[in-house]
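Below: the structure, in structure tokens.
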Amino acid sequence: MSEALAGNRRDTEQLVKEYFADPRPDVKDVIIVQCAGLVERIARRFSGVEPLDDLVQVGYVGLLNALSKFDPSAGVRFTTYATHLVAGEIKHYLRDRSQIIRHPAWVQELRQRLNKASVRLQADLGRQPTAREVAEACNVSEQAVEEVLATQDLLRVASLDAPTQER
């Protein structure tokens, strides 16, 4: 262990190469310690919605995934690869925790694409775009747009304590 800790001053990229040549747990621990700042920095970008400590823990899961899936022969730096996996893991965590009623990931991603396209089209056209225009911009069917919009209305949560509107 002391040999790996002495290597703490070594470059993370060199340690990752050493780890893939000989996957020792002590070298893995040193890599994780050296990447702690990276994980915390990425988690801070997403803080505010969830406690920072939770996001950091999820970020470490992404870091461990990066270490297990990294291919040193791919020509990409480990820190670059790890940055994307850590951020992705945190984004998935936030997406899955953001709603009371859970949607499949593909529905959430499609809704996000449709909303972005709708905003962009509204700016370009100077009016609210039609479902057909949004569908064409996203390369999906008009029926898919209408279904996503319908689910969006169904999932609005109202307070039981709020006054009702009488008609």
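Just so you know, these numbers use all the heavy atoms, side chains as well, and skip hydrogens, waters and symmetry mates.
- Pairs of residues two or more places apart, or lying in two chains, never qualify as salt bridge (Lys or Arg N to Asp or Glu O under 4.0 Å) while including a residue from residues 58-68.
- Evaluation of the salt bridge (Lys or Arg N to Asp or Glu O under 4.0 Å) test over residues 36-45, restricted to residues two or more places apart or in two chains, returns none.
- Val140 is listed as a side-chain neighbour of Leu110, based on a closest heavy-atom distance under 4.5 Å.
- Using a 4.5 Å heavy-atom cutoff, the side chains of Val27 and Asp22 are not in contact.
- When side chains are defined from C-beta on, Arg24 does not count as touching Tyr19, because their heavy atoms never get closer than 4.5 Å.
- Both Val56 and Ile42 belong to a single network of hydrophobic side chains, linked directly or stepwise wherever heavy atoms of I, L, V, M, F, W or Y lie under 4.5 Å apart.
- Under the 4.5 Å side-chain heavy-atom criterion for grouping Ile, Leu, Val, Met, Phe, Trp and Tyr, Val76 is connected to Leu63 within one hydrophobic cluster.
- Side-chain contact check for Glu133 versus Glu142: every heavy-atom pair is 4.5 Å or farther apart.
- Between Glu147 and Arg111 there is no salt bridge, since none of the side-chain N atoms of the basic residue sits less than 4.0 Å from a carboxylate O of the acidic one.
- Of the inter-residue distances, the one linking Leu64 atom CG with Glu89 atom CD reads 10.0 Å to the nearest 0.5 angstrom.
- Separation of atoms CZ (Arg132) and CD (Glu146) is listed at 9.5 Å; rounding is to 0.5 Å.
- Between the CD1 atom of Ile31 and the OG1 atom of Thr79 there is a distance of 11.5 Å, given to the nearest 0.5 Å.
- At a threshold of 4.0 Å, the pair Arg95-Glu109 counts as salt-bridged, since one of the basic side-chain nitrogens sits closer than that to a carboxylate oxygen.
- Connection of Leu125 to Val119 is not established within any shared hydrophobic cluster, with ILVMFWY side chains joined at heavy-atom distances below 4.5 Å, either directly or through further cluster members.
- Side-chain contact between Cys35 and Tyr60: absent, with no pair of heavy atoms (C-beta onward) separated by less than 4.5 Å.
- Counting heavy atoms from C-beta on, the side chains of Tyr93 and Asp54 come closer than 4.5 Å.
- Counted within 6.0 Å of CG on Asn139, heavy atoms from surrounding residues, nucleotides or ligands total 12 or fewer; the atom is thus considered open.
- Under the 4.5 Å side-chain heavy-atom criterion for grouping Ile, Leu, Val, Met, Phe, Trp and Tyr, Ile90 is not connected to Val61 through any hydrophobic cluster.
- Scanning both residues, Gly59 and Val86, for their nearest heavy atoms gives O-CG2, 3.5 Å.
- Closest non-hydrogen pair, Ala82 versus Ala66, comes out as CA-CB, 3.7 Å.
- Between Thr130 and Val134 the shortest side-chain heavy-atom distance does not fall below 4.5 Å.
- The distance from the OG1 atom of Thr12 to the NZ atom of Lys17 is 12.0 Å, given to the nearest 0.5 Å.
- In the hydrophobic clustering of this structure, Ile32 groups with Leu55; members are Ile, Leu, Val, Met, Phe, Trp, Tyr whose side-chain heavy atoms approach within less than 4.5 Å, directly or through other members.
- The distance from atom OG1 of Thr80 to atom CG of Leu85, rounded to the nearest 0.5 Å, is 12.0 Å.
- Atom CD in Glu18 sits 12.0 Å away from atom CD in Glu13 (nearest 0.5 Å).
- Note on ring orientation: taking the six-membered ring where Trp is involved, the planes of Tyr81 and Phe70 are tilted (angle from 30° to 60°).
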